[in-house]
Amino acid sequence: MDALLEVENVTKSYGRNRVLHKLCLSVEPGEVVVIRGINGSGKTTLLSIIASLVSSDYGMVKILGQDLRSNPHRVRSDLAFVAHQPFLYSQLTVKENLEFFGRLNSVDNLDSTILEKAALIGLSNRLGSKIATLSHGYIKRVAIARALLHSPKILLFDEPESGLDQDSLRLFEKIIGDQLESGKSIVMTTHASQISYRGRVRNQRISKGMLVDDIF
Amino acid sequence: MIFFNPLKTYFYHLFVLVRKDFLLEIRSKDVILPVFIFSLLVVVIFNFALESTPNTVNLIVPGILWVSIMFGAMVGFNRMLLAETEGGAFHGLLASPVGRDVIFFGKVLSNVMFLIVIELILVPILIVLFNVTLSPLNMLWISLPALFGISLCGMLFATISMNMRAKEVMLPILFLPVVVPIILGAVESTHSIMNGGNLDQNLRWIALMIVFDVIYGVLGPASFTMIVED
């Protein structure tokens with residue numbers, strides 16, 4: 001099966017500190033790659049490089065065979081990133097934020113798509129609320145709704161379980177399962193020891209800047 | 001996909017970005033209000049500090065106008081970027097399929113519009129305080145290249161200083177020396193117009209500002225792209 005995401009020999013240093021060293025990763029459709037590692041091991045850096053928020057010193061990232069550097073707009077339209085920060089405007093409402101990012105991603109039938117994603121993630125009665133007035137858990141839900149809005153082929157999650165209560169976690173696991181069943185790929189970092197997603201789960205660990213199989 | 005025409009998509013994204021900045025401004029009043037108050041204070045302080053006579057008023061008013069706009073604009077650059085960095089919204093923009101140049105020009109365009117609003121309020125205040133006459137149409141031809149120049153240069157240096165520890169200090173240090181040609185052109189042409197000169201007599205100053213705008217219109221987005229990805 002052709003890989004949706006390919007990371008080839010990615011190397012990244014911050015000053016003298018080499019975080020990633022010739023890291024390689026290949027993710028197939030319907031697969032979730034769970035990456036663990038100690039603090040500062042480069043998990044967030046790897047996701048940021050794939051999301052084109054940070055440039056690598058060396059190496060290549062390909063989405064559906066397209067190089068991130070040579071065709072960044074096309075590649076970014078197939079990606080979504082849910083990071084520690086929500087990537088939302090605190091002074092705008094949930095609906096205004098979703099409309100804004102939906103328009104940037106040229107989402108068709110934006111109004112109905114927003115209503116659909118809001119219902120999916122339990123935000124229907126919060127669409128008119130300002131982000132600044134929402135709890136951390138709800139902000140995280142909005143961030144996930146923003147990521148799902150343009151139906152990206154690859155979803156990147158940086159420690160998605162942080163700040164979510166048990167109900168939200170179950171909802172999140174269901175959404176991940178649905179995404180995997182529809183052929184999407186997911187790369188996520190986590191500190192959680194146990195995760196249960198419907199679909200093919202591959203556990204990896206970042207060690208000395210490279211990915212190795214994580215064995216429990 | 002809504003649009004397939006790249007040019008249409010470019011301007012649509014630009015519109016979406018500017019619209020968002022206006023929506024944010026209506027909600028938070030984070031930019032126009034502090035910039036206006038700061039600019040107004042500069043005008044009032046100059047009014048007290050400089051003893052204007054009918055002979056000197058035409059010499060000092062253009063300087064007061066453009067210095068107050070420029071100082072106010074510096075407050076605005078940081079305020080605008082603060083709204084972006086809060087909650088990491090700026091990274092949301094960078095992760096979306098929109099060119100870095102569109103993001104840069106969107107910020108510049110929003111800033112120009114905010115500064116036009118400030119100028120529209122400041123000029124009548126100057127007219128009343130100093131009893132001078134300014135032709136609105138001629139001022140428009142001077143203001144557009146001047147405000148674009150200030151915004152292009154300011155947004156670039158505000159982005160450079162965004163992640164610096166002493167960003168409040170770094171922005172003026174980087175911005176003020178570079179923006180001198182714009183201030184020179186704007187002050188000289190405003191002075192000429194206040195003394196009865198017409199637009200033709202100020203073409204070289206307007207041309208100087210346009211050349212500056214073109215240089216920063218090319219340098220700005222290219223540098224912005226490199227800065228935000230590093």
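Since we're looking at a predicted model, the values are computed, not measured. Letters A, B, ... mirror the listed sequences (proteins, then strands); counts begin at 1. Below, all heavy atoms of this structure are taken into account, side chains as well, without hydrogens, waters or symmetry copies.
Only the side chain of A/Glu96 comes within contact range of chain B, with at least one heavy atom under 4.5 Å from a heavy atom of that chain. Interface residue A/Phe101: only side-chain heavy atoms are found under 4.5 Å from chain B. For A/Ser52, the parts sitting under 4.5 Å from any heavy atom of chain B are the backbone and the side chain alike. Contact annotation for A/Thr93: both backbone and side-chain heavy atoms come within less than 4.5 Å of a heavy atom of chain B. For chain B, the nearby parts of A/Leu92 are the backbone and the side chain; heavy atoms of each come within less than 4.5 Å. Using a 4.5 Å cut-off between heavy atoms, B/Ala95 contacts chain A through both its backbone and its side chain.
Residue A/Thr44 is tested with A/Asp158, A/Thr189, A/Asn39 for a side chain to side chain donor-acceptor pair (under 3.5 Å); the sole match is A/Asp158. Screening B/Ile116, B/Ile118, B/Val123, B/Val117 for a side chain to side chain contact (heavy atoms under 4.5 Å, CB included) with B/Leu120, the sole residue that qualifies is B/Ile116.
Surrounding NZ of B/Lys29 are more than 12 heavy atoms belonging to other residues, nucleotides or ligands, all under 6.0 Å away.
Between chain B and the residues A/Arg74, A/Arg76, A/His84, the most heavy-atom pairs under 4.5 angstrom are made by A/Arg76. Ranked by heavy-atom pairs shorter than 4.5 Å toward chain A, the options B/Lys20, B/Glu84, B/His13 are led by B/Lys20.
Here the side chains of B/Ser68 and B/Leu122 are in contact, with some heavy-atom distance below 4.5 Å.
Using cut-offs of 30° and 60° for the angle between ring planes, the A/Phe81 and A/Phe87 rings count as perpendicular.
Side-chain contact annotation: B/Ser143 with B/Glu119, donor-acceptor N/O pair under 3.5 Å present.
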